[in-house]
Each structure stands twice: as C-alpha cells, then as structure tokens.
**Student:** 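Encoded as structure tokens, here's the structure I'll be asking about.
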Amino acid sequence: MSNAKIRLVGLNKLFHTRFQTIEAVRNVDMEFAAGDFVSIIGPSGCGKSTIIRMIDDLIKPTSGEIFIDGRRVSPHRRIPPEVIRKIGFIFQQPNMYPWMTVRENVMLPLRVFGLRDPEWARHADALIEMTGLREQRHAYPTELSGGSMQRAGVIRAMVHKPDILLMDEPFGALDEMTREQLNLELLDIWRATGKTIVFITHSVQEAVLLSNRVYVMGTNPGRVVDEIAVDLPRPRNLKLIVSDRFAGYCELLTGRIGQVELSQIK
Amino acid sequence: MNWCDHKLSRLPFEPPGSGMDRSGPILTLDKVSKYYEAQNGGELLAVKEVSLGVRDREFICILGPTASGKSTLLKMMGGIEKPTLGTMSLRGEIFEDGIPANKLRNFGFVFQQDNLLPWRTVVKNLRLPLEVFHSAGHGSADRIAEMLTLVGLQDYGDVYPHELSGGMRQRVSLARAMVHDPDILLMDQPLGALDAITRRMLSHELLRISRATRKVMVMVTNNIDEALLLGDRILVLTALPGEIAFEAANDIPAEARNEAIIENARYKALRALLDDIVHAQSEAGRTAGRTGGDGE
Amino acid sequence: MTTTTARQTPPVKGKPLKRKTEPICYIAPIILFVAVVAAWALFVSASGISRTILPSPFAIFREMSKNFVRDILPHLLFTLRVILTGYAVAVPLGILIAAVCSQYRIIIKATTPLIILLVVTPMITMVPLFMLWMGFDSKVRVIVVILQATPIICLNTLTGFTTTEGAKLELMRAMGATRLQTFVKLIFPNALPQVFTGLKLGCIFSTIAAMSADLAAGKEGLGYRIQQYSSLIMTEMAYGTILIVALIGIVLFQIVVMIERRVILWVR
Amino acid sequence: MGLTLEQRRELRRRKDRRDRIVGILAPTFTFVLLLAAWEALVVWLEIPTWQIPRPSSVFAVMFGSFGEFLPHIIRSYSTIIIAFACASVVGVALAAILTNFKALGVALTPYINMLCTTPVITLVPLLLLMFGFGQWVLILAVTLQAFPILNMNASTGFNNVETLKLELMGSLRATRVQTFRHCILPASLPNVFTGMKLSGIFATTACVSSEFSGGNRGLGARIIAYTQFMKMDKAFACIFFVAVIGLFLYTLTSYLETRVVKWKI
C-alpha cells in the first residue's frame with residue numbers, strides 16, 4: 001500500500017437519466033501524495049466535478065476503489081465521520097450563508113462537527129486574521145466583495161483542520177486581478193499548512209502557477225488523457241508568469257486541451 | 001462551423017443619417033463628468049472630465065481597476081445615464097444633456113449579466129428592440145434569423161433563456177444589441193461573468209463578428225488579453241474618479257490577432273506594459289483608502 | 001455529477017419541458033381519503049355517537065344525493081354567481097389601481113399603507129352596514145366580495161410592479177423606451193408571478209367574503225343553508241353543504257393555478 | 001462606487017432614515033385627508049348619524065363609551081391573538097414535518113390547501129353544536145382558518161432552498177435537524193413571515209365572521225347588534241377596533257421580520 005494520501009483505482013461513474021445513460025467517468029486512476037498540490041483541468045463535461053465529489057463521498061462510484069490514507073472507502077456504507085473530518089470542500093461560487101455573519105459562516109463546520117472547545121474558536125479567528133478579514137468578520141456576506149467572500153469560503157473549509165482540500169474551480173467566478181491575488185494567498189496557505197490540495201480549474205495559467213502535477217481530462221466519456229509534471233521552482237510568484245518556462249508549460253497544456261477539444265468535435 | 005463569409009443584407013429600412021462620413025469621429029465626448037449626490041450633502045465623483053472621439057469602424061477597449069467608473073462612462077455613452085457636466089456629440093450634432101431618447105436607435109448595448117427577458121423566447125427577445133423602435137415590420141423575421149445565424153444559435157429560436165448556458169445567453173444578448181443595425185455597439189464587460197474556456201471562445205467570436213459587421217464597438221473589460229485581442233485602441237482609466245490615465249493604439253497586426261496571439265512579440269511587450277499600468281491604478285485606488293466595492 | 005450545462009442539442013420544437021408529477025402525488029391523497037372515511041365510519045358506528053353530533057359519512061352521502069338538486073343547487077348557483085361576479089370585477093380593478101399607483105414613488109409611499117389597512121381590516125365587518133343601506137339582494141354581497149378581494153390583489157400587484165430589477169430598467173432606457181413601452185414590455189410581464197399570487201389570494205378572500213355575507217344576510221346562499229341546517233339539527237345536510245363549499249373553494253383555486261401554469265412558462 | 005464598508009453602511013442608514021420619515025408622513029397625510037373628506041361630505045350632505053356617522057362622532061364614541069366595548073374587545077382580541085399564535089406554531093411545524101417526510105407531505109398537503117380555501121366560518125355553527133358555546137370553539141375555528149396559508153407559504157420556502165446551499169451542509173454530513181436549523185429555515189424565513197402576515201389577516205377575518213353567527217360576545221356580534229339598533233357610530237367604532245387589531249398583527253410581524261431577517265439589503 002503506497003503512502004499516497006488519496007488513491008483512485010479504476011473509477012467509473014454512470015448516470016442513468018430517463019432517456020439515456022451518461023458515462024461521466026471511465027476508468028480513472030489518480031494518486032495524490034501527502035502535501036501534494038495537483039490540478040485537474042479539462043473542458044466542461046469531462047467529469048472533474050464528479051471525481052472530486054466521489055472523493056468526498058457526495059457521489060458513490062459505479063465501480064472502482066477510493067483509498068484515503070490507505071483505508072478503502074466502502075462503496076456501500078457512508079464514509080466514517082473521522083475520515084470526513086479530514087476533508088475540506090470549497091465550492092465554485094463563494095456559497096456563504098447570507099443569514100450568518102462572516103465569522104459565523106467560517107465557524108459553521110465547528111458547530112456541525114460539534115467541536116465546542118474554545119481552542120477551535122481561537123483557530124477560526126486566527127484564520128480570519130490571516131486572510132485580512134478581521135474588520136469585516138461581523139459583516140454580512142452580501143456586504144463583501146467577491147474576492148473576500150471566496151477567501152472566507154477557503155478558510156471555512158480549513159477551520160476543522162482537514163488534511164485534504166478539495167477545490168472545485170474556487171476562483172472561476174472572480175475577475176483576473178482578484179484571482180491572481182487569491183492564487184498567491186492559496187500558495188502561502190499551502191506552504192504554511194502542508195495540506196494535500198486537489199484543485200479543479202479551467203484556467204491554464206492557474207494550473208501551471210499553482211500545482212506540482214496536472215491531470216488533463218478528456219470528455220464523453222470523462223477520462224484522464226495526460227498527466228503533466230510542472231517542476232517550476234518554489235516558492236512561486238507573479239514574476240514567474242512572464243518567464244519562458246512558464247509560457248512553455250502553458251502552451252503544452254493548451255495544446256493538450258486543444259487536442260482533447262478537437263477529438264471531442266469529431 | 002464558421003460563418004465568416006456570411007453576406008449581410010442591408011436592412012429593408014434605412015436608419016436616418018446612416019450615410020457615415022468617413023473622416024470625423026462619429027461619437028465624441030467633451031470633458032464629460034458624472035457626480036452622484038450622496039445623502040450627506042457631499043458629492044461622489046464617478047467620472048472626471050473624460051474626452052474621447054470614436055471613429056468609424058473602430059474597436060475601442062476601456063480597461064481599469066474594479067472601481068473606476070468605466071461602466072458609468074459606457075452608460076453615459078449609451079444614453080442610460082445623463083452626464084452631469086460636459087457635452088457629447090453624435091455625427092456632429094451637439095447634445096448638452098447626454099444622448100436624447102430618439103437618437104438611441106443608433107446604439108446597441110450589451111450588459112454584463114445577459115439581461116434577457118426571461119418570459120420571452122430567444123426570437124421574442126430579439127424582437128424587443130424592433131418593437132421599441134416601431135420597426136418590427138415585415139423584414140424583421142428574416143433580420144432576426146440572420147442575427148441568430150451570425151451568433152450560431154439559429155436552431156434555438158423558441159427556447160426560453162433559462163434553458164440556455166451562460167455563453168449562449170450572452171450570444172443572444174449580443175445578437176439582440178445588433179438586430180436593429182445600430183452604428184455603435186457598446187459592451188459592458190460582456191464576457192465578465194463567463195468561465196475561462198467559454199470566455200476565450202467568445203472573444204474570438206466577437207473578433208470575427210466585429211470584422212464581419214464593420215460596426216463601431218466600445219467594450220469595457222477587466223481582461224487585458226481580451227483588450228489586446230479585440231481593441232484597435234486601448235484606454236486605461238484611473239481608480240475612482242475614473243479619468244483617462246493611458247491611451248494607446250494597439251499595433252499588433254490584424255492577422256496576428258487570433259488564437260496564436262500569445263507568440264506575437266508585440267503582444268508580450270504590450271501585455272507587460274498594460275499589466276503594470278492597470279496594477280498601478282488599482283494600487284492607487286487601494287491606497288487612497290477605498291476597498292474595492294462592486295465595480296461602478 | 002457534472003454541472004449539467006444546457007443541452008447542446010436544441011430541445012423539442014415549441015413546448016418547453018413540463019415537470020411531470022410522479023403518480024404518487026395522486027395515489028397518496030386518495031389512500032388517505034379512503035382511510036379517513038373508513039376510520040370515520042368505524043368510529044361513528046363503534047362509539048354510537050349520536051347522529052346530531054357526528055353523522056356517518058354514508059348517511060351524509062345518502063342525504064345529500066337525495067335532496068341535492070332541490071335544496072342545495074339553487075343556493076350553490078347563487079353563491080357561485082356572487083363569488084364569480086365579485087372576483088371578475090376585483091381582478092381588473094385591483095390591477096388597474098396598482099398600475100396607477102405605481103407610477104410615482106410618492107404615490108406608492110402614500111397609498112401602500114392605505115391598501116394594507118384595507119387588507120387587514122376584513123370588509124365583511126361592513127356586511128351588516130351594507131345590508132342596512134342597500135337591503136338584502138345579491139348586489140350587496142357582490143360589493144362585499146369586491147371590497148374584500150380588491151385590496152389583496154392590488155397589494156401583491158403593486159409589490160410586483162415596484163420590484164423590477166435595475167439592470168432590466170437600464171435595458172429599456174438604453175433603447176429610449178417610453179414610459180408606456182417600459183410598463184407594457186417589462187414591468188407588467190416581470191410582475192406576473194406576483195400578480196398571480198394576488199389572484200390566488202383574491203380567490204380565497206372572495207369565497208370567504210361570499211360565505212360570511214350569507215351568514216350575516218341570510219335568506220339565500222350556501223352559508224345561510226348551513227346555518228339553517230345546523231339550527232334544524234339536520235347535521236348530515238350541514239356537513240354535506242360544507243363539503244360542497246370546500247369543493248368550490250379548491251376548484252376555483254386550482255383554476256387560477258392552472259391559468260398561472262399556462263401563462264408563466266419561463267419559471268424553471 | 002469604491003466606498004469603504006463603513007461609508008456604505010452610513011449611506012444606507014441615512015437613506016433608510018429618510019425613507020422612513022417619508023414613509024410615515026405621506027400615508028398619515030392621505031389618511032387625514034380621507035377622514036376630513038368623509039367628515040365634510042357627511043356634514044355637507046346632512047346625512048343622519050344613523051345612516052353614516054361622522055368620523056369625529058365615531059372617535060368620540062370609541063373613547064367615550066370605551067367601557068361598553070371593552071368586554072367584546074377583550075373577547076375578540078384574545079381569540080384572534082391566541083389563534084394567531086397557535087396557527088403560527090402549527091403552520092411552521094407542520095410544514096417542517098411535511099417537507100422532510102415526502103410520503104406524508106404528498107398525502108396531506110392537498111387537504112391542507114383545501115382547508116385554506118374553505119371558509120371555516122361555515123363550520124362554526126356545527127362546531128358550536130358539537131362542542132357548545134365556549135370561546136375556545138371559536139379559537140379552534142380561527143386557528144383552522146389561519147394555519148393553512150402559513151403552512152403553504154412555509155412549505156414553498158422549505159422546498160425551494162438553493163441546492164448549492166444544501167450541498168454545503170451535505171459536504172459537512174450535517175444531520176437532517178442541523179440542515180433544517182442552519183440552512184433550510186433561515187433561507188426560507190422571508191416566505192414564513194409573508195405567510196404569518198397572511199395568517200394574521202385570515203385570523204381577523206375568520207374571528208369576526210364567526211362571531212356573526214356564534215353567540216352575542218365579541219366585536220362581530222356587536223356590529224350585528226348595533227346595526228340592528230341603528231347605532232351606526234358604535235358599529236363603526238367596532239369596525240375601527242377590528243382594524244386596530246388587524247393592523248397590530250401586520251405591523252408586529254413586519255417588525256419581527258426586520259429584527260430577525262437582518263441580512264436582507
């Protein structure tokens with residue numbers, strides 16, 4: 001049993017609608033080492049959201065196995081609570097509850113998991129401090145900008161100290177400048193906490209800037225088309241975007257996705 | 001599917017004054033400013049003394065940090081908002097108090113959130129401008145079909161907007177803005193709310209449509225790559241109050257402006273330059289004690 | 001599952017997809033109805049409760065079918081006519097008042113509390129007064145129904161007119177649309193869901209108004225018959241008539257709901 | 001506009017204050033105008049008091065012989081307020097149960113909607129027959145009329161919560177109760193409060209009309225009695241008292257809504 005944090009072996013997922021069966025994911029094998037930062041990129045409809053929801057056991061796979069910390073997640077029973085506590089899920093839209101203040105939103109997982117110990121509350125406040133939301137922590141989410149709401153979304157998924165962060169196109173809805181800003185902040189968080197991050201994105205620059213490895217997905221059926229290692233120096237910063245090696249990786253990835261799209265049209 | 005060589009028939013009805021004189025600018029703004037009265041008696045300056053000339057067949061891109069009044073500027077050009085100070089002129093005719101309603105026939109406006117009427121099907125949404133301009137006569141059905149073909153949605157005529165994806169809704173919104181054949185097309189971050197791949201695809205389609213239709217286009221955007229791909233002239237506004245901080249012609253040759261624009265040397269230089277300018281402006285905005293609210 | 005992007009292939013021509021209600025939506029209520037009737041019959045026969053307190057369902061059915069045409073039908077038609085005429089006047093009246101009031105902010109501010117006052121004060125309190133002023137014929141009851149239904153329709157329509165999205169108003173302004181064009185093409189269609197909420201409530205209020213007018217005025221109408229049956233301890237007929245009243249209420253309500261489903265096609 | 005959070009809140013507070021002042025001034029003006037017009041008309045056309053009383057005489061009677069109205073006011077107000085409270089609790093609780101247990105919900109909802117569209121006041125004569133002339137029979141009838149509309153509104157709210165917000169609770173594996181408390185209920189509070197406002201209106205209407213046919217205590221019954229004895233100013237006084245309770249319930253619910261639903265802009 002390799003020491004991979006998450007291992008997906010021969011994963012398949014079929015969705016049966018009234019008219020036809022859609023093969024969302026076929027025979028996907030993926031591995032995420034502890035502390036790894038891996039991106040999944042591909043056109044819409046290639047099953048990347050399905051895969052991330054299968055890891056989090058929101059969706060049960062039709063066949064294939066999922067190992068988290070070496071322990072097999074049974075396809076029949078619900079995932080045990082202690083394993084769920086290891087995972088933080090970050091959504092595409094900020095998904096803040098407008099009826100709670102920012103601080104209450106961030107502490108929601110603590111209330112659901114029943115972590116009453118004041119030490120957890122201090123941890124939540126530290127996270128709020130870290131992302132500069134301190135003076136807005138009693139504001140309501142509707143009064144915040146898109147960037148700040150998504151920052152709150154990220155730390156909400158980390159407040160119960162999970163080892164794994166599953167991020168489903170977290171910065172997709174933000175404008176370019178805020179997205180660059182949040183990419184850097186995410187890198188700082190990742191470096192400081194050493195969490196395993198599974199990062200879904202549409203943006204090639206984002207994938208190359210952030211991750212060690214990138215899985216390129218094809219569509220109908222959703223499958224892994226390629227796995228590209230990105231060995232750019234760490235720590236990474238904005239200056240990197242202008243360097244040639246960065247542009248090289250971007251072209252490689254864009255080319256690879258281009259081929260996928262072409263094969264999709266044929 | 002490419003609709004490049006699609007022949008565009010002239011409209012059965014000729015909009016007044018459409019014989020464009022090539023030389024002078026079609027639309028000019030002279031020291032146009034916009035004040036919003038705040039409750040505490042003070043005034044909020046959104047746009048400060050912008051002077052701009054829009055020439056025929058020109059594609060202008062307006063860049064600027066999130067809160068720079070660039071949307072307000074575009075709304076003033078489109079007659080949605082009245083400027084507080086300064087005059088505007090359309091084909092030589094001077095207007096003290098913004099573009100009057102009867103002249104808005106020459107303008108098409110594309111909003112950031114597609115702004116389609118949910119209770120109307122796609123065809124009916126396209127009929128809306130024709131009905132408002134009282135020209136929903138005999139030629140309108142073909143005109144609408146033509147516009148839908150132009151944006152590649154000819155089979156989606158009687159579908160309701162909520163059944164379409166974001167990208168498709170934005171294409172319908174673009175078709176609706178052009179259905180009454182306006183001379184000037186104003187677009188307020190048309191691709192802002194779309195995901196990266198659809199956005200890239202639609203920006204190339206916008207380029208194709210602008211070359212096919214030869215219309216004057218003014219686009220507000222916060223994406224520098226889009227501005228370089230589409231814009232003949234690029235302006236950068238300062239943070240609030242919005243003032244023209246930088247203006248430059250985009251000298252990337254037309255044939256280089258396509259999918260492979262990344263390799264073009266001039267593109268890299270201009271991108272770095274614009275990157276610094278826009279970042280400098282948003283930095284100035286932030287240090288001046290204003291956190292980014294939803295961009296005005 | 002992948003976020004279902006809109007269908008790439010165009011949908012079937014013409015009719016947008018309708019949500020088919022699963023069969024359970026029909027079976028469950030029927031099962032419950034049968035169970036309740038059975039339990040009721042069993043309870044009545046087992047506990048020997050006197051007929052004047054709680055008659056058995058079959059007795060009600062028997063009595064009703066016997067004298068339905070002779071005793072109930074004329075009153076049924078009378079009350080139905082009162083409800084429908086009142087409602088038919090209240091709908092356009094309510095919408096018209098809302099349209100007029102929604103033109104200027106200051107008028108909205110001035111009239112809304114007044115309309116709310118009319119809504120919260122049941123007009124049926126005026127029934128005895130109207131009886132005094134205008135006698136007992138059906139004209140009075142129609143007025144009561146109008147007075148009771150119009151404010152609630154007007155209030156909901158007004159809310160609908162005043163909550164149009166700013167961006168959509170800008171769209172009309174970008175085309176230089178006149179005030180009338182903006183109202184006809186944007187404000188009214190946009191408010192339709194809210195208008196129908198008002199119509200549904202108006203329908204309920206009309207039924208209640210008609211019934212209470214019968215109770216107060218007497219001489220004619222289902223409400224009066226029910227009061228008469230209970231005073232004559234003919235409980236079977238009383239329960240039967242109440243079921244008829246309930247049916248009227250639900251049928252009128254469902255008609256408005258069906259019209260709404262035909263008119264408002266664009267809600268997901 | 002790029003305004004700091006504090007500035008934006010200050011602007012909104014000032015705007016709200018200005019709206020509130022205009023919000024009070026304009027309606028009072030129209031109200032006073034109407035009363036004055038009513039007064040002038042009655043005086044000018046010399047309409048006898050027994051036909052249409054003058055507002056001033058109605059107010060005089062309201063305060064003058066308040067003692068005479070008091071028992072009936074207490075009777076009617078208590079019926080309405082108790083029934084409204086019961087209806088609110090039952091309506092929301094039932095809606096929560098029916099939306100969580102699908103089979104039960106599908107079976108029961110049509111009958112609750114039917115109860116909503118049936119004037120329960122027709123049931124009052126029978127209920128009195130069955131349970132005698134107690135006040136609680138009226139309370140039962142008024143509750144039966146008031147809770148279904150709240151149940152309908154609350155159920156619509158509970159069923160139409162954004163899937164994304166439910167998915168968040170799903171990702172945290174929250175139990176059904178936690179999901180309801182933290183996500184479903186707060187998200188549909190606006191629907192619940194709209195339902196409560198309507199429920200208040202139904203309660204007032206049902207109470208007055210039940211008193212028409214049920215006994216001699218309560219404002220409804222007094223209205224009938226006063227009209228028979230041509231004491232129109234007292235009849236109108238009763239109507240105004242009914243308006244007071246109706247308005248009270250409406251403003252109470254709106255006030256509660258602004259306190260509880262703080263996050264709506």
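Letters A, B, ... mirror the listed sequences (proteins, then strands); counts begin at 1. Values reported hereafter were calculated over all heavy atoms of this structure, with side chains retained and with hydrogens, waters and symmetry mates removed.
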**Student:** By a 4.5 Å heavy-atom criterion (distance strictly below it), what part of C/Tyr239 contacts chain D: side chain, backbone, both, or neither?
**Tutor:** both

**Student:** Determine whether the side chains of D/Ser155 and D/Asn159 contain a donor N or O and an acceptor N or O closer than 3.5 Å.
**Tutor:**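 Per modelled atom types, D/Ser155 and D/Asn159 side chains form no pair under 3.5 Å.
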
**Student:** Report which part of D/Leu104 has an atom under 4.5 Å of a heavy atom belonging to chain C: side chain, backbone, both, or neither.
**Tutor:**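 Nothing of D/Leu104, per the 4.5 Å heavy-atom cut-off to chain C.
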
**Student:** Has the side chain of D/Ser57 got a donor or acceptor atom that lies under 3.5 Å from a matching backbone atom of D/Pro53?
**Tutor:**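 Between the backbone of D/Pro53 and the side chain of D/Ser57 there is no qualifying donor-acceptor contact (under 3.5 Å).
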
**Student:** Given the options D/Phe31, D/Phe29, D/Phe202, D/Phe131, which has more heavy-atom pairs under 4.5 Å with chain C than any of the others?
**Tutor:** D/Phe202

**Student:** State yes or no: are the ring centers of D/Phe240 and D/Phe59 separated by less than 6.0 Å?
**Tutor:**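 Ring centres of D/Phe59 and D/Phe240 closer than 6.0 Å.
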
**Student:** Would you mind checking which part of D/Ala243 comes under 4.5 Å of any heavy atom in chain C, side chain (CB onward), backbone (N, CA, C, O), both or neither?
**Tutor:** both

**Student:** Please look at D/Leu198 and chain C and tell me whether the side chain, the backbone, both or neither of the residue comes under 4.5 angstrom of a heavy atom of that chain.
**Tutor:** side chain

**Student:** Does a side chain donor of either C/Tyr224 or C/Glu220 reach within less than 3.5 Å of an acceptor in the other side chain?
**Tutor:**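 Side chains of C/Tyr224 and C/Glu220: no pair found under 3.5 Å.
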
**Student:** Does any heavy atom of chain D fall under 4.5 Å from the side chain of C/Leu114, the backbone, both, or neither of them?
**Tutor:**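 Interface part for C/Leu114: side chain.
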
**Student:** Looking at C/Ile27, C/Thr111, C/Thr125, C/Ile30, which one has more heavy-atom pairs under 4.5 Å with chain D than the rest?
**Tutor:**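 It is C/Thr125.
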
**Student:** Could you check, using the six-membered ring where one of them is a Trp, whether C/Phe130 and C/Trp133 have ring centers closer than 6.0 angstrom?
**Tutor:** yes

**Student:** Do you know which of C/Ile83, C/Ile146, C/Val142, C/Val82 makes side chain to side chain contact (heavy atoms under 4.5 Å, CB included) with C/Ser206?
**Tutor:** C/Ile83

**Student:** Select, from D/Thr30, D/Thr122, D/Val242, the one with the greatest count of heavy-atom pairs under 4.5 Å involving chain C.
**Tutor:** D/Thr122

**Student:** Quick one: closest heavy-atom pair of C/Met123 and C/Val144, and the distance?
**Tutor:**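 C/Met123 and C/Val144 have their closest heavy atoms at CB-O, 4.5 Å.
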
**Student:** Less than 4.5 Å to any heavy atom of chain C: does that hold for the side chain of D/Gln228, its backbone, both, or neither?
**Tutor:**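 It is neither, since no heavy atom gets under 4.5 Å.
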
**Student:** C/Ile250 versus chain D, heavy atoms under 4.5 Å apart: side chain, backbone, both or neither?
**Tutor:**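 The answer is both parts of C/Ile250.
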
**Student:** Using non-hydrogen atoms only, which part of D/Leu25 is less than 4.5 Å away from chain C: side chain, backbone, both, or neither?
**Tutor:**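 Neither part.
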
**Student:** Does any backbone or side-chain atom of D/Cys116 lie under 4.5 Å from a heavy atom of chain C? Answer side chain, backbone, both or neither.
**Tutor:** both

**Student:** Of the backbone (N, CA, C, O) and the side chain (C-beta and beyond), which part of C/Leu132 lies under 4.5 Å from a heavy atom of chain D, both, or neither?
**Tutor:**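 Only the side chain of C/Leu132 comes within 4.5 Å of chain D.
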
**Student:** Do D/Phe236 and D/Phe241 have their ring centres less than 6.0 Å from each other?
**Tutor:** no

**Student:** If you count heavy-atom pairs within less than 4.5 Å of chain C, which of D/Ala103, D/Gly246, D/Pro110, D/Ala107 leads?
**Tutor:**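 Most pairs with chain C among the choices: D/Ala107.
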
**Student:** Check each atom of C/Gln254 against the heavy atoms of chain D and say whether the ones under 4.5 Å are side chain, backbone, both or neither.
**Tutor:** neither

**Student:** With a 4.5 angstrom heavy-atom cut-off, which part of C/Ile152 approaches chain D: side chain, backbone, both or neither?
**Tutor:** side chain

**Student:** Is there a donor-acceptor pair under 3.5 Å between the side chain of C/Tyr87 and the backbone N or O of C/Leu199?
**Tutor:** yes

**Student:** Give a yes/no verdict on a cation-pi contact between D/Lys231 and D/Tyr226, requiring under 6.0 Å between NZ or CZ and the six-membered ring centre and an angle within 45° of the axis.
**Tutor:** no

**Student:** Are D/Ser76 and D/Glu211 linked by a side-chain donor-acceptor pair shorter than 3.5 Å?
**Tutor:** yes

**Student:** Check each atom of C/Leu201 against the heavy atoms of chain D and say whether the ones under 4.5 Å are side chain, backbone, both or neither.
**Tutor:**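 For C/Leu201, the side chain is the part near chain D, not the backbone.
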
